Amino acid sequence: MMEGKKVVIDCDPGIDDCFALLLCMKHLDVAGIVAVGGNTDLQYTERNARLITELAGRPEIPVYAGYNLPLGRKVVRATDVHGNSGLGDVFVQEPIKKLESRHGVDYLIDTFMNRDDVALITLGPMTNVAQALLKEPRLATRIPGILSMAGSAFVGNDTAVAEFNISGDPEAAQIVLQSGIPIRMVGLNVLRQNRFTEKEVEQIRQCGGPVAEFAAELLSFAIRRYGYSNLCDASAVSWMIDPSIITKSVKVHMDVETKGELTRGMTVCDWRAFLSADPKEDLAHERQISHEEMGAKEGALNVELAMEMDSERMKQLLLDTIRSYGK
């Protein structure tokens, strides 16, 4: 476990972001939260971030608003999954907690330029981080690492090949990937291994207390569309809380397609060193040959990509965490 690790969270709450924030506020030292437009518009994502800090009894955590619109030409939202408010059909009172007056990008720059003890978590489009890098290029050597819920080794969810957080701002994602900042990424390829159903809704509800009731209603809304939810963002942050939850990861070179007619937003991974000889397995989870043999330098491997996870361990972490809020 890594309780006490200091983090800044850039997110777009969003149902699964709320679960991720509940996990982080219990197990990590959250220095601040920056909202971005993504799952829904910024007016809701920043409000939801403030609301969840209040619900968790952590109103002292500052919440900042970043950018609502992406660097690129197309605005992508996921209100069909999260509802217009980002919280499904759950009725909530407006939070008492106020939004910080400072712009979220300025907060990111100031924090990482002046501190050495903070890591960054991104759970939405990477617009704010890219804008911060454009405004202060030295930030690329100041952010010690990013844990990101984004991308996919294979198929997408917003399109056939593009995952939502990347397709929400492909240009921003490419800026971050090319920055040289160490990145650990949890994408759809591993998140599909983790499914929450009505069984988990009832287990969460039985934890008792306002947080459990709120979480159960959110998850119930989330699973109505497909019959399950991967709770992507919560699954991603669990890697920082309990590293043993991700049981297999590999280092790859990754870029983002920003111009393709059919592939815009696709995370393009160089898998040539992982091609398997097994006819039933297109891609091995271990290198089959060295990247050097493929002509790639070790430094070109810019992403550590999660490949396998312990779903039951992650679910138990979430249940135990929500139960702890009821005490």
Side-chain angles (χ1 to χ4, degrees), residues 12 14 16-17 36-40 69-82 122-127 129-130 146-179 183-195 222 225-226 228-233 235-236 246 248-276 280-285 287-288 291 294 296 300-309:
D12 59 339
D16 51 340
D17 301 74
V36 66
N39 285 323
T40 187
L69 300 179
L71 293 175
R73 63 184 182 271
K74 181 181 178 182
V75 177
V76 178
R77 296 290 186 249
T79 53
D80 57 330
V81 175
H82 298 269
T122 69
L123 303 176
M126 298 185 192
T127 310
V129 184
I146 296 175
L147 175 66
S148 181
M149 189 276 112
S152 177
F154 312 110
V155 301
N157 57 358
D158 186 49
T159 70
V161 295
E163 180 274 329
F164 174 81
N165 282 345
I166 300 292
S167 67
D169 198 339
E171 286 78 9
Q174 181 67 339
I175 288 170
V176 176
L177 285 174
Q178 292 181 331
S179 68
I183 297 171
R184 288 189 295 162
M185 185 175 289
V186 185
L188 296 179
N189 55 286
V190 70
L191 294 168
R192 64 179 176 80
Q193 299 168 29
N194 200 23
R195 293 190 174 188
R225 185 176 184 188
Y226 299 112
Y228 67 90
S229 171
N230 302 123
L231 284 185
C232 295
D233 294 332
S235 300
I246 297 299
K248 181 65 182 177
S249 63
V250 297
K251 289 188 176 181
V252 298
H253 180 78
M254 179 186 291
D255 285 300
V256 177
E257 175 56 59
T258 60
K259 296 182 172 63
E261 180 181 354
L262 301 177
T263 56
R264 177 172 161 79
M266 179 181 182
T267 42
V268 182
C269 300
D270 186 349
W271 291 115
R272 289 174 292 176
F274 292 85
L275 294 178
S276 174
K280 295 182 180 179
E281 184 180 57
D282 288 334
L283 184 70
H285 289 187
R287 290 189 192 185
Q288 302 301 293
H291 282 79
M294 294 301 305
L301 308 180
N302 58 342
V303 171
E304 182 179 355
L305 185 62
M307 299 298 288
E308 299 171 16
M309 75 179 301

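Keep in mind that this is a model prediction, so the values were computed, not measured.
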Between Gln174 and Thr258, is any side-chain donor less than 3.5 angstrom from a side-chain acceptor?
no

Quick check: closest heavy atoms across [X] and [Y], and the distance to 0.1 Å?
X: Gly265; Y: Ile166; answer: O-CG2, 3.1 Å
X: Ser179; Y: Val176; answer: OG-O, 2.6 Å
X: Glu257; Y: Pro170; answer: O-CB, 4.0 Å
X: Glu163; Y: Asn157; answer: CA-OD1, 3.3 Å
X: Asp169; Y: Gly72; answer: OD1-N, 3.7 Å
X: Gly38; Y: Phe164; answer: O-CZ, 3.4 Å

For the [atom1] atom of [X] and the [atom2] atom of [Y], what is their distance to the nearest 0.5 Å?
X: Met149; Y: Asp12; atom1: CE; atom2: CG; answer: 10.0 Å
X: Leu231; Y: Asp16; atom1: CG; atom2: CG; answer: 6.5 Å
X: Asn194; Y: Arg192; atom1: CG; atom2: CZ; answer: 12.0 Å
X: Asp270; Y: Leu301; atom1: CG; atom2: CG; answer: 8.5 Å
X: Leu147; Y: Glu304; atom1: CG; atom2: CD; answer: 10.0 Å
X: Cys232; Y: Asn165; atom1: SG; atom2: CG; answer: 8.5 Å

Can you name the one residue among Val161, Val256, Thr159 that meets side chain to side chain contact (heavy atoms under 4.5 Å, CB included) with Met266?
Val161

Which residue in the set Val252, Leu177, Asn302 passes side chain to side chain contact (heavy atoms under 4.5 Å, CB included) when paired with Met185?
Leu177

Does a side-chain heavy-atom distance below 4.5 Å link [X] with [Y]?
X: Arg195; Y: Asn230; answer: yes
X: Arg184; Y: Val186; answer: no
X: Val75; Y: Pro70; answer: yes

Quick one: does Asp255's side chain have a donor or acceptor within less than 3.5 Å of a partner on Cys269's backbone?
no

Side-chain (His82) to main-chain (Asn39) donor-acceptor, under 3.5 angstrom:
no

Step-by-step side chain to side chain contact (heavy atoms under 4.5 Å, CB included) determination, Asp80 to Arg225
CA-CA 9 Å; Asp80 57 330; Arg225 185 176 184 188; 2.8 Å; yes

Aromatic rings Trp271 and Phe274: how do their planes relate, parallel, tilted or perpendicular, breaks at 30° and 60°?
perpendicular

Applying side chain to side chain contact (heavy atoms under 4.5 Å, CB included), name anything that partners Gln193, two or more places apart in sequence or on another chain.
Val190, Glu308, Met309

Under the side chain to side chain contact (heavy atoms under 4.5 Å, CB included) test, residues paired with Asn189 that sit two or more places apart
Ser152, Ala153, Phe154, Leu305, Met307

Arg264 with Glu171: basic N within carboxylate O range, under 4.0 Å:
yes

